[in-house]
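Here's the structure, in structure tokens; my notes come after.
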Amino acid sequence: MAERYSAHLVGVHARPPLQVSAFFEGGVAMDALFTSYDAALKAEAGTAKAAFESAVRGRQLSHEWRVADGYIDAVLASQARYADLLVIGQADPDAGTSTPTDLPEAVALSAGRPCLVVPRAGAERTPGTNVLLCWNASRESARAAADALPLLRGSKKVTILVVDPRSSPDGHGAEPGADVAAWLARHGVAVTVLREVAADNDVGGVILSRASDVDADLIVMGLYGHGRMREMILGGASRAVLARTTVPLFVSH
């Protein structure tokens, strides 16, 4: 994608701080702990840098590598604010690593920038040719559609998915999906509107099913969080799609 859009690609590795139990006794044991921790940090950073350099090797691509100290969610949120897009992997609860299982949503809800979540199994195609845009006329869906506009303009097909729409003058309008379709058409985006009903209230399941039906290589949706605490509670559809998607997911809050 960086090559497609002649973008500058930044690789970021976070070095988390050492957390020591309050009951841990110092002295020689503490020195040994710090030595072991420092060695592990250097090994992890070296592995990450080697993977990044392998990915960009031989490509005509502007790029750089960064290492930052801090908790990974805070580091990525901060770094993302000076970029157009953050690319991050889908959480893997069975990975057995120290990476937080809620990392994608935590960063997406706090960064102020859109995130592209890559499925655990990877992406068979470069995303952005055949896009499923989830639309419910909310602030979050409007933000996601606007953030994804460069990708939508470069796509060959965009399907606007509207689930359980209700006509209203301050929301969907008289014909759900028509207003956003007209807006995108003015930007030269070819769109089709698809209206669905989630009879079992599993909106996330409907989104993933329709993405499969239209053979989408990218899902665009607003990310919904509730509350002002550091760990915001995700809406049901957001949580389901983030956990179960096998298609690259473009999310924005």
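Atoms considered below: every heavy atom in the structure, side chains included; atoms not considered: hydrogens, waters and symmetry mates. We count residues from 1, following the sequence as given.
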Can you confirm whether Leu76 sits close enough to Leu103 that some side-chain heavy atom of one is under 4.5 Å from a side-chain heavy atom of the other? yes
Give the minimum heavy-atom separation between Pro100 and Ile72, together with the two atoms involved. CD-CG2, 3.6 Å
Residues Leu133, Leu184; criterion side chain to side chain contact (heavy atoms under 4.5 Å, CB included); working and verdict: CA-CA 11 Å; Leu133 172 64; Leu184 288 173; 3.8 Å; yes
So do Cys115 and Ser252 actually touch side chain to side chain, heavy atoms under 4.5 Å? no
So does Val206 get a backbone contact from the side chain of Ser209, meaning a donor-acceptor N/O pair under 3.5 Å? no
Mind listing the closest non-hydrogen atom pair of Gln79 and Ala68 along with its distance? NE2-CB, 4.1 Å
Quick one: are Leu85 and Asp147 in side-chain contact, heavy atoms under 4.5 Å? no
If you compare all heavy atoms of Val193 against all heavy atoms of Pro176, which two are closest, and at what distance to 0.1 Å? CG1-O, 3.9 Å
To check you understand the geometry: which heavy-atom pair defines the closest contact between Ala240 and Leu208, and what is its length? O-CD1, 4.3 Å
Can you tell me if Arg195 uses its side chain to pair, donor with acceptor, with the backbone of Val162 under 3.5 Å? no
As an exercise, state the distance from CG of Asp102 to CZ of Arg239, rounded to the nearest 0.5 Å. 11.5 Å
Could you check whether atom CG of Asp84 has more than 12 heavy atoms from other residues, nucleotides or ligands sitting under 6.0 Å from it? no
Mark yes or no for whether Asp217, through its side chain, and Gly128, through its backbone, hold a donor-acceptor pair below 3.5 Å. yes
Okay, side chain of Arg66, backbone of Val10: is any donor-acceptor separation there less than 3.5 Å? no
Do you know which two heavy atoms are closest between Phe250 and Ala144, and how far apart they sit? CE2-O, 3.8 Å
Thr159 vs Arg210, side chain to side chain contact (heavy atoms under 4.5 Å, CB included): CA-CA, chis, key distance, verdict: CA-CA 10 Å; Thr159 302; Arg210 296 303 162 265; over 6 Å; no
Less than 4.5 Å apart, any side-chain heavy atom of Trp183 and any of Val189? no
Heavy-atom side-chain contact between His187 and Leu149 under 4.5 Å: yes
One should read off an interatomic distance between Leu41 CG and His13 NE2, to the nearest 0.5 angstrom, of 7.0 Å
Would you name the heavy atoms of His253 and Leu223 that are closest together and state the gap between them? ND1-O, 2.8 Å
Do any pairs count as a side-chain hydrogen bond (donor to acceptor under 3.5 Å, both in side chains) and have a residue in residues 124-134, sequence neighbours left out, and if so which ones? Arg125-Asp215
If only atom types and distance count, is the side chain of Ser54 paired as donor or acceptor with the main-chain N or O of Ala50 below 3.5 Å? no
For the pair Arg81 (side chain) and Arg113 (backbone), establish whether a donor and an acceptor sit closer than 3.5 Å, ignoring hydrogens and angles. no
To the nearest 0.5 Å, what is the distance between CG (Leu132) and CG (Leu249)? 10.0 Å
When rounded to the nearest 0.5 angstrom, what distance separates CE in Met221 from OG in Ser138? 9.5 Å
Do Asn136 and Val163 have side chains that approach each other closer than 4.5 Å (heavy atoms only, starting at C-beta)? no
Checking Val158 against Val220 for the side chain to side chain contact (heavy atoms under 4.5 Å, CB included) test, could you report, in this order, the C-alpha distance in whole Å, the side-chain angles of both residues, the deciding distance, and whether it holds? CA-CA 10 Å; Val158 174; Val220 174; over 6 Å; no
Linking Ile, Leu, Val, Met, Phe, Trp and Tyr through side-chain heavy atoms less than 4.5 Å apart, which residues share a cluster with Phe52? Leu9, Val56, Leu61, Trp65, Val67
Decide yes or no for Thr245 and Val117: does some side-chain heavy atom of the first lie under 4.5 Å from some side-chain heavy atom of the second? no
Are Gln60 and Glu3 side-chain neighbours, meaning at least one heavy-atom pair lies under 4.5 Å? no
More than 12 non-hydrogen atoms from neighbouring residues, nucleotides or ligands closer than 6.0 Å to CZ on Arg244, yes or no? yes
